[in-house]
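Each ligand, and each atom within it, is numbered from 1 in the order the structure gives.
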Amino acid sequence: MIEILLTALWLMLPAYIPNSTAAVFGGGRPLDGGKTLKDGRRILGDGKTFRGLIAGTVCGMLLGLLQMYYMSRQTTIFGIELPSFGAMPGALLVIFALAFGALLGDLSMSFFKRRLGLKRGAPLPGVDQLDFVLGAWVLTYIVAPSWFTANFTFYVALAVILVTPLLHVSTNIVGYFIGVKKEPW
Ligand code: CTP
Ligand code: MG
């Protein structure tokens, strides 16, 4: 149980960080350039910016590199064997895909939220908590299919799906109180 949970968290760390760092460092020019579609609504909205995308990817990858550094010295944590991102240079691609994919997942959901007429920041329960997991998984599967299937086994993936919403909700509440998020979701 604990081992599966720890494996899930360790593998997902580079995907967990991007959204919160995007909230901290984001802002400025929106990715959609302020454009609207025929439905009169923004393509993505002001909540998806270049700065957020870049800062989120960089921070997610930095954490992944720190994890790789840790694993180069020690292969366990709390006595539990850690999963690896693979050998270089493939590992770099994996952590990039986890970080960038998480942000892609989040911004593609913003696209659908705008089409549904939901304003920036409007909550979409379930989707808000898991869109970035799906994005991270899809991109990682595309760039490293065998690494993905070897590491995200059924139970590890299940642990991610069960634990992520809890983590997401709690970090967003923290983000709300420290003032980097406008809404607590
Ligand atoms: N952010 C950003 N760029 C991104 C993702 C997020 O700048 N690619 C920043 C924005 O300041 C955003 C905040 O992080 O407001 C929180 O992200 P999120 O909750 O995903 O955005 P929302 O403002 O809720 O917008 P949406 O309704 O589109 O999800
Ligand atoms: Mg939101």
For this session: Step by step, work out the side-chain contact (heavy atoms from CB on, under 4.5 Å) result for M71 and F85.
Result: CA-CA 10 Å; M71 285 185 283; F85 295 117; 3.9 Å; yes

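For atom 13 (C) of ligand 1, the candidate residues are A23, P18, G27; the nearest heavy-atom contact is made by A23.
Using a 4.0 Å cut-off to heavy atoms of T49, the atoms of ligand 1 that qualify are 2 (C), 3 (N), 4 (C), 7 (O), 8 (N). Listed by number with element, the atoms of ligand 1 under 4.0 Å from a non-hydrogen atom of G26 are 7 (O). For ligand 1, the atoms lying closer than 4.0 Å to a non-hydrogen atom of K113 are 26 (P), 27 (O), 29 (O). Less than 4.0 angstrom separates some heavy atom of K181 from each of these atoms of ligand 1: 16 (C), 18 (P), 19 (O). When each atom of ligand 1 is checked for a heavy atom of S110 under 4.0 Å away, the hits are 26 (P), 28 (O), 29 (O).
Contact check for N19 versus T171: no side-chain heavy atoms found under the 4.5 Å cut-off. Looking only at side-chain heavy atoms (C-beta outward), R41 and T36 stay at 4.5 Å or farther from each other. Contact of the N151 side chain with the V156 side chain is not registered, since no non-hydrogen atoms from C-beta on lie closer than 4.5 Å. Looking at heavy atoms from C-beta onward, I77 lies in side-chain contact with Y70 at the 4.5 angstrom threshold.
In this pair, F148 and F152 present their aromatic rings tilted. The plane angle is within the 30 to 60° band.
The shortest N or O to N or O distance between D128 and ligand 1 is not below 3.5 Å. For the pair G121 and ligand 1, the shortest N or O to N or O distance falls below 3.5 Å. Ligand 1 has a nitrogen or oxygen under 3.5 angstrom from a nitrogen or oxygen of G47. Backbone and side-chain nitrogen or oxygen atoms of K48 are examined, and one is located within less than 3.5 angstrom of a nitrogen or oxygen of ligand 1.
Nearest protein heavy-atom neighbour of atom 9 (C) of ligand 1: A22 O, 3.4 Å. Nearest protein heavy-atom contact of atom 11 (O) of ligand 1 is R120 NH2, 3.6 Å.
In the hydrophobic cluster analysis, where Ile, Leu, Val, Met, Phe, Trp and Tyr join through side-chain heavy atoms closer than 4.5 angstrom, W147 is grouped together with F154.
Remark: K113 engages D128 in a salt bridge, criterion side-chain N to carboxylate O under 4.0 Å.
Contact annotation: D106 has at least one heavy atom less than 4.0 Å from an atom of ligand 1. Heavy atoms of R114 come nearer than 4.0 angstrom to ligand 1 in at least one pair.
D32 places a side-chain N or O within 3.5 Å of a backbone atom of G45 that can act as its donor or acceptor partner.
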